[in-house]
Amino acid sequence: MSRIIQKYGGSSVANLELIKAVAQRAIETKLAGHEVVVVLSAMKGETDRLLNLAKEITEDPDKRELDCLLSIGEQTNVAIFALVCQAMGEKVKSFLGYQAGIKTDDVHGRARITELNPSRLKTELAKGRICVVAGFQGQNRHGDITTLGRGGSDTTAVALAVALDADVCEIYTDVEGIYTTDPNVCDAARKMDRICYEEMLELSSLGAKVMEIRSVELGMNYGVKIHVRHAHSSATGTIICEEDADMEKTPVRGVTHSVNEARITLLRVPDLPGVAARILSIISKAGVVVDMIIQNQSALPPDETDDGQIQLTDFSFTVPSGDYDTTLDLMKAAGQEIGAAEVVGDNNIAKVSIVGVGMRNHAGVATLMFQTLAREGINLSMISTSEIKISCVIEKKYAELAVRALHEAFKLG
Ligand code: ADP
Ligand code: ASP
Ligand code: MG
């Protein structure tokens, strides 16, 4: 007998018929002799609908009340799922986040799980019941409902897999697994049998929304076997696991893109120690996370310029597009104090990235990436690299073209 977590995403439980189909699947798994814990998302579009409802009232809804509202989508689905299972003659019990023992910190809207006590779930599993848990939500120390950030049901599922020492965490979605790139962007995308945690972590953080990043982080830290697969097909999907030697044979394993970024540039700031720290401390105080940063060192140190003037430089960085307006306002307000001649922004950008653990020992990867984008007439405005990824900032309108060109150039199809 195995203990299995099955998480069904929004598109897999988008209406009653689909919920019936996934309930059937959970019941079959239990009848095959396994213990089953199901984690559900809200119906596709429901979280956005609730969010828009709040935004109709105010542009900046109170975060505690918003969490109370957004958690309803998942609450609805676990109750419906339980009723469906009962109608099918199966023993089942539904649990909201707090009933499943999920405790979080106080950061409404992107809370982190701090503790998970699954004792009630264990009791019900021992009684032969399927447990169905509302994803995306927990409870903070004050007893208030919190949510874990968009896509957070993946995190609920992996956290439960850790707490219940499950044999596998199955993530059911609307594609057959993890592909070499988003199959909805590139027809030639190919499903991978296996991908390692590190590669998945990079793909998630660089825009592939198929797995929420924190869930991958958790899975990696605790060695959870994660199986990403299609909710309405029996085909094997992709296993997220430890790296193996085969994965290093190809330099690039995946291509991804994100259009949720914006760039801000401070023009002609003094090239002096402490300037970057001042800029970034203003942004971090506002709770905004900076991604890429580019600053060119001036050609000469200040004391060697002809006229003894301080050298000037441009300082650029990217932030999530949702934080663009706030950050631009902050920088415009602080620009004079920092000594910038001008502050400009651009939220018409995209980041396209290639990822693969094999990059560590293959030369020429960056060259091929830049040549490929150049051939398509795409200009690179920022570049950043790590051991296993290269990202370029380009004009937003070229994002999907760039993905397809890179997918072909690296022969991923
Ligand atoms: P769910 O509602 O099940 O949580 P998501 O919409 O969050 O599903 O994630 C699934 C989507 O992720 C797919 O429909 C696909 O468009 C997108 N995606 C992006 N990159 C990839 C990739 N490399 N492999 C598979 N899917 C990807
Ligand atoms: N319903 C939430 C969202 O849309 C959580 C999830 O689906 O994982 O982001
Ligand atoms: Mg998702």
Side-chain angles (χ1 to χ4, degrees), residues 7-19 21-22 38-81 96-97 102 104 107-112 132-138 144-157 171-175 182-185 204-215 228 230-232 256-262 287-289 319-326 347-348 350-351 396 399-400:
K7 178 259 169 177
Y8 294 97
S11 47
S12 316
V13 289
N15 56 47
L16 185 56
E17 284 318 301
L18 291 173
I19 294 180
V22 305
V38 173
V39 175
L40 296 185
S41 287
M43 292 183 195
K44 186 184 170 78
E46 180 63 2
T47 311
D48 286 333
R49 188 185 72 82
L50 295 166
L51 193 57
N52 289 335
L53 202 60
K55 292 255 164 98
E56 269 179 41
I57 307 165
T58 163
E59 247 318 292
D60 188 20
D62 179 84
K63 292 194 165 56
R64 177 182 180 275
E65 305 312 328
L66 191 62
D67 272 358
C68 180
L69 178 66
L70 295 189
S71 63
I72 293 170
E74 275 71 13
Q75 173 161 351
T76 309
N77 268 359
V78 291
I80 292 177
F81 181 97
L96 300 182
I102 301 174
T104 73
V107 187
H108 285 288
R110 50 179 174 210
R112 277 185 177 269
V132 53
V133 179
F136 179 54
Q137 56 172 263
D144 293 332
I145 296 171
T146 52
T147 63
L148 309 180
R150 299 308 302 267
S153 301
D154 294 338
T155 306
T156 307
I171 303 287
Y172 287 94
T173 184
D174 60 354
V175 289
D182 188 339
N184 291 315
V185 168
S204 294
S205 79
L206 297 168
K209 68 169 181 165
V210 58
M211 282 295 291
E212 197 267 336
I213 182 163
R214 281 197 210 160
S215 69
V228 182
H230 200 293
H232 305 292
T256 188
H257 76 288
S258 161
V259 289
N260 301 319
E261 324 250 337
V288 174
V289 180
V319 293
S321 46
D323 294 322
Y324 175 65
D325 291 335
T326 316
N347 67 359
N348 210 12
K351 183 166 68 177
K396 196 181 262 179
E400 296 195 357

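Throughout, numbering of the chain's residues begins at 1 and tracks the sequence.
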Can you check whether [X] reaches [Y] side chain to side chain, under 4.5 Å on heavy atoms?
X	Y	value
Ile80	Met43	yes
Lys7	Ser41	yes
Ser204	Glu212	no
Leu18	His232	yes
Tyr8	Ile19	no
Val78	Val38	no

Exercise for the section: Show your reasoning for whether side chain to side chain contact (heavy atoms under 4.5 Å, CB included) applies to Val210 and Asp154. Expected result: CA-CA 9 Å; Val210 58; Asp154 294 338; over 6 Å; no
Please find the pair of heavy atoms, one from [X] and one from [Y], that lie closest to each other, and give the distance.
X	Y	value
Ala262	Asn347	CB-CB, 3.6 Å
Val289	Pro320	O-CD, 3.2 Å
Glu74	Gly135	CG-O, 3.1 Å
Asp174	Ser12	N-OG, 4.4 Å
Ser258	Gly207	CB-CA, 4.1 Å
Thr156	Ala134	CG2-O, 4.1 Å

If I take atom [atom1] from residue [X] and atom [atom2] from residue [Y], how far apart are they, to the nearest 0.5 angstrom?
X	Y	atom1	atom2	value
Glu65	Leu69	CD	CG	9.5 Å
Thr47	Ile72	OG1	CD1	10.5 Å
Thr256	Leu206	OG1	CG	6.5 Å
Leu66	Leu51	CG	CG	6.0 Å
Leu70	Leu148	CG	CG	11.5 Å
Ile145	Phe136	CD1	CZ	11.5 Å

Problem - Flag, side chain of Thr173 to backbone of Gly9, donor-acceptor distance under 3.5 Å - result: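 Not at all, since once roles are kept as given, no pair shorter than 3.5 Å links the two residues.
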Problem - Side-chain (Gln137) to main-chain (Gly97) donor-acceptor, under 3.5 angstrom - result: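 The answer is yes, because a donor-acceptor pair under 3.5 Å joins these two groups.
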Exercise for the section: For Thr146 and Asp67, run side chain to side chain donor-acceptor pair (under 3.5 Å): C-alpha distance rounded to whole Å, both residues' side-chain angles, the deciding distance at 0.1 Å, then the answer. Expected result: CA-CA 5 Å; Thr146 52; Asp67 272 358; 5.4 Å; no
Exercise for the section: Could you walk me through whether Tyr172 and Val22 pass the side chain to side chain contact (heavy atoms under 4.5 Å, CB included) test, one step at a time? Expected result: CA-CA 9 Å; Tyr172 287 94; Val22 305; over 6 Å; no
Exercise for the section: Show your working on side chain to side chain contact (heavy atoms under 4.5 Å, CB included) between Glu46 and Asn77 and close with a plain yes or no. Expected result: CA-CA 11 Å; Glu46 180 63 2; Asn77 268 359; over 6 Å; no
Exercise for the section: Give a yes or no on this: more than 12 heavy atoms of other residues, nucleotides or ligands lie within 6.0 Å of atom NZ of Lys63. Expected result: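 Result for NZ/Lys63: open.
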Exercise for the section: Determine, stepwise, if the pair Arg150 / Asp48 fulfils side chain to side chain contact (heavy atoms under 4.5 Å, CB included). Expected result: CA-CA 10 Å; Arg150 299 308 302 267; Asp48 286 333; 3.0 Å; yes
Exercise for the section: Could you check Met211, Arg112, Arg214 and say which one makes a side-chain contact (heavy atoms from CB on, under 4.5 Å) with Thr155? Expected result: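 Output: one option passes, namely Arg214.
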